[in-house]
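First listed ligand is number 1; within each ligand, the first listed atom is number 1.
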Amino acid sequence: MPEEPPKQTEYQSTVFPTWCPGCGDFGIWGSLKNSLVSLNLHPWQFVVVFGIGCSGNMADFFHAHGFHALHGRGIPNATAIKLTNHTLPVIIVAGDGDTYGEGMGHFIAAARGNHDITVIVHNNQVYGLTTGQSAPTTTKGTKTKSTPGGTIEIGVNPMALAISSGATFVSRAFSGDMAHTAGLIKQAVEHKGFALVDILQPCVTFNRINTYDWYRQRVYKLDDEGYTPTDRTKAFAKALEEEKIPLGIFYREEKPAYHEEVTALKEKPLVEQSISSIDLAPALEEFL
Ligand SMILES: Cc1ncc(C[n+]2csc(CCOP(=O)(O)OP(=O)(O)O)c2C)c(N)n1
Ligand code: SF4
């Protein structure tokens, strides 16, 4: 008998979100579930790695095979899972602080390797869970709890960072537009290689600048102007736009994913390989 298609409720855990009412995390949560339905993936057919933050708290509100990683360490956990069983779609859900701050080195390394993972970033431009300190994405001069005189550093540009690091699917969404966000997540998961969906997510409690209205006055869709995401130079130009905020796929490229270039994984996934015939004695003797 053919398997029933998944239903949204399958990804529902028994815990209702503890996010503040109106938080943009709700829109990302709903969009992710909608995209998984359209990808025809049941909860046991993919893995989600969660970071630490309000965003990563989704681990409690989501029913699937998952792992709640340390702050900044979602990406290395995800690449390890992918290399162990590269038939599984692997998704990461983490904050902008987690991904572009403590996890920045891992982000660049995984993008350079074109690891076949989907990184979903809740970009609220603050540290939400720890109550509103500045994040790596905070715009220069912004006053936050940790920067009462305004931030001195410039903000990280996630689109430019991803494009220059070798990511092969680079996109931006807005959590206030769930249909568009779900469509981008779906395409990112389908993409073979390192895929970023940076999602602009209002933190209604600690970020009173980048509100839903603020975004609605500035965002526009790249698709609406007939933009094609195949030219790196044009993608950089879009990444540097500031007055208006482009949404959609900035850059997309087809090339081999990391696991496809590892000789030992060419025949079958690591998890299906037998290690009983391997003599571990010489290695143990050398290292113990
Ligand atoms: C290794 C480590 N460093 C720092 C922290 C403290 N910490 C917890 S959440 C967080 C920031 C969360 O901000 P972000 O990643 O943007 O996620 P958000 O809460 O905004 O969704 C920090 C610094 C931690 N738990 N572990
Ligand atoms: S603190 Fe901000 S990011 Fe965290 S749940 Fe509340 S509104 Fe959302």
Side-chain angles (χ1 to χ4, degrees), residues 13 15-33 48-62 66-78 80 91-111 117-140 142-147 151 153-159 161-162 172-178 181 185 196-216:
S13 79
V15 184
F16 190 76
T18 48
W19 295 316
C20 309
C23 174
D25 287 345
F26 282 100
I28 302 176
W29 183 53
S31 304
L32 176 59
K33 290 188 284 183
V48 197
V49 179
F50 299 92
I52 297 293
C54 296
S55 40
N57 282 352
M58 198 194 288
D60 294 336
F61 324 136
F62 206 89
F67 186 79
H68 206 165
L70 291 175
H71 187 71
R73 307 291 179 251
I75 288 178
N77 282 283
I91 299 165
I92 295 147
V93 169
D96 51 309
D98 186 310
T99 310
Y100 308 127
E102 225 161 309
M104 164 82 94
H106 298 300
F107 179 89
I108 293 173
I117 55 177
T118 301
V119 184
I120 297 174
V121 181
H122 296 223
N123 185 350
N124 55 21
Q125 303 189 35
V126 286
Y127 283 176
L129 190 70
T130 46
T131 69
Q133 296 83 2
S134 67
T137 44
T138 307
T139 308
K140 181 174 168 57
T142 308
K143 291 182 179 168
T144 70
K145 193 181 249 184
S146 58
T147 57
T151 49
E153 304 96 331
I154 60 160
V156 167
N157 182 324
M159 297 295 101
L161 175 72
R172 185 194 278 142
F174 166 48
S175 70
D177 186 340
M178 280 179 58
T181 303
I185 295 175
L196 169 67
V197 189
D198 181 84
I199 307 178
L200 304 171
Q201 173 249 309
C203 166
V204 294
T205 304
F206 295 113
N207 185 339
R208 303 297 170 93
I209 299 169
N210 309 113
T211 60
Y212 286 97
D213 279 348
W214 189 92
Y215 282 122
R216 285 202 176 102

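Only the side chain of T130 comes within 4.0 Å of ligand 1, judged by heavy-atom distances. At a heavy-atom cutoff of 4.0 Å, ligand 2 is contacted by both the backbone and the side chain of C203. With a 4.0 Å cut-off on non-hydrogen atoms, N207 does not touch ligand 2 at all. Residue contacts with ligand 1, taken as heavy atom pairs separated by less than 4.0 Å, do not involve Q133 at all.
At the top of the distance list for atom 6 (Fe) of ligand 2, counting protein heavy atoms only, stands C20 SG, 2.3 Å. Protein heavy atom in closest approach to atom 25 (N) of ligand 1: I52 CG2, 3.9 Å. For atom 4 (Fe) of ligand 2, the closest non-hydrogen atom of the protein is C54 SG, 2.4 Å. Here the protein heavy atom with the shortest distance to atom 15 (O) of ligand 1 is D98 N, 2.8 Å.
Taking every non-hydrogen atom of G95 and a distance limit under 4.0 Å, the qualifying atoms of ligand 1 come out as 14 (P), 15 (O), 16 (O), 17 (O). For ligand 1, the atoms closer than 4.0 angstrom to any heavy atom of C54 are 18 (P), 19 (O), 21 (O). Those atoms of ligand 2 with a heavy atom of F206 less than 4.0 angstrom away are 1 (S). Using a 4.0 Å cut-off to heavy atoms of G53, the atoms of ligand 1 that qualify are 17 (O), 19 (O). Atoms of ligand 2 lying under 4.0 Å from at least one heavy atom of V204, given by number and element, are 7 (S). Within the listing of ligand 1, atoms 14 (P), 15 (O), 16 (O) sit less than 4.0 angstrom from a heavy atom of G97. Listed by number with element, the atoms of ligand 1 under 4.0 angstrom from any heavy atom of G128 are 13 (O), 18 (P), 19 (O), 20 (O). In summary, the atoms of ligand 2 found under 4.0 Å from a heavy atom of W19, numbered by their order in the structure, are 5 (S). Within ligand 1, the atoms closer than 4.0 Å to a non-hydrogen atom of S55 are 17 (O), 18 (P), 21 (O), numbered from 1 in the order shown. Interface of V126 with ligand 1, defined as ligand atoms under 4.0 Å from a residue heavy atom, comprises 16 (O), 20 (O). Taking every non-hydrogen atom of T205 and a distance limit under 4.0 Å, the qualifying atoms of ligand 2 come out as 6 (Fe), 7 (S). Ligand-side atoms of ligand 2 in range of N124: 3 (S), range being under 4.0 angstrom from any heavy atom. Of all atoms in ligand 2, numbered sequentially from 1 with element shown, those under 4.0 Å from a heavy atom of Q201 are 3 (S).
In this structure, N124 has a heavy atom closer than 4.0 Å to ligand 1. Within the 4.0 Å heavy-atom cutoff, H122 does not count among the residues contacting ligand 1. Residue contacts with ligand 2 do not include H122, since none of its heavy atoms lies under 4.0 Å from the ligand.
Counting heavy atoms from C-beta on, the side chains of D25 and P17 never come closer than 4.5 Å. In this structure the side chain of L196 reaches within 4.5 angstrom of the side chain of M159, judged on heavy atoms. In this structure, the side chains of V204 and Y212 come closer than 4.5 Å at one or more pairs of heavy atoms. A 4.5 Å side-chain heavy-atom check between P202 and S175 finds at least one atom pair inside the cut-off. Using a 4.5 Å heavy-atom threshold, the side chains of P136 and Y127 count as touching. Side-chain contact check for Q125 versus I209: every heavy-atom pair is 4.5 Å or farther apart.
The CH2 atom of W19 sits 8.5 Å away from atom CD of Q201, with the distance rounded to the nearest 0.5 Å. Atom-to-atom distance recorded for H68:NE2 and N77:CG is 11.0 Å, nearest 0.5 angstrom. The CZ atom of F50 lies 9.0 Å from the CD1 atom of I91; values are rounded to the nearest 0.5 Å. Rounding to the nearest 0.5 Å gives a distance of 7.0 Å between OG1 of T137 and CG of N124. Within the model, atoms CG of D96 and CD1 of I199 stand 11.5 Å from one another, a figure rounded to the nearest 0.5 Å. Rounding to the nearest 0.5 angstrom, the gap separating the NE2 atom in H71 from the CG atom in L129 is 9.5 Å.
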So L32 and F62, side chain to side chain contact (heavy atoms under 4.5 Å, CB included) or not? Walk me through it.
CA-CA 10 Å; L32 176 59; F62 206 89; 3.8 Å; yes
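Ring geometry, F61 versus W29: the interplanar angle exceeds 60°, so the pair is classed perpendicular (tilted spans 30 to 60°).
With no hydrogens or angles considered, no side-chain donor-acceptor pair links T139 and T142 at under 3.5 Å.
Closest to atom 10 (C) of ligand 1 by heavy atom, among Q125, H71, E102, Q201, is H71.
Put simply, C23 gets within reach of atom 8 (Fe) of ligand 2, with an N, O or S atom under 2.8 Å from it.
Among L161, V121, I92, I120, the one residue that satisfies the side chain to side chain contact (heavy atoms under 4.5 Å, CB included) test with T99 is V121.
Among the atoms of Y127, none of the N or O lies under 3.5 angstrom from an N or O of ligand 1.
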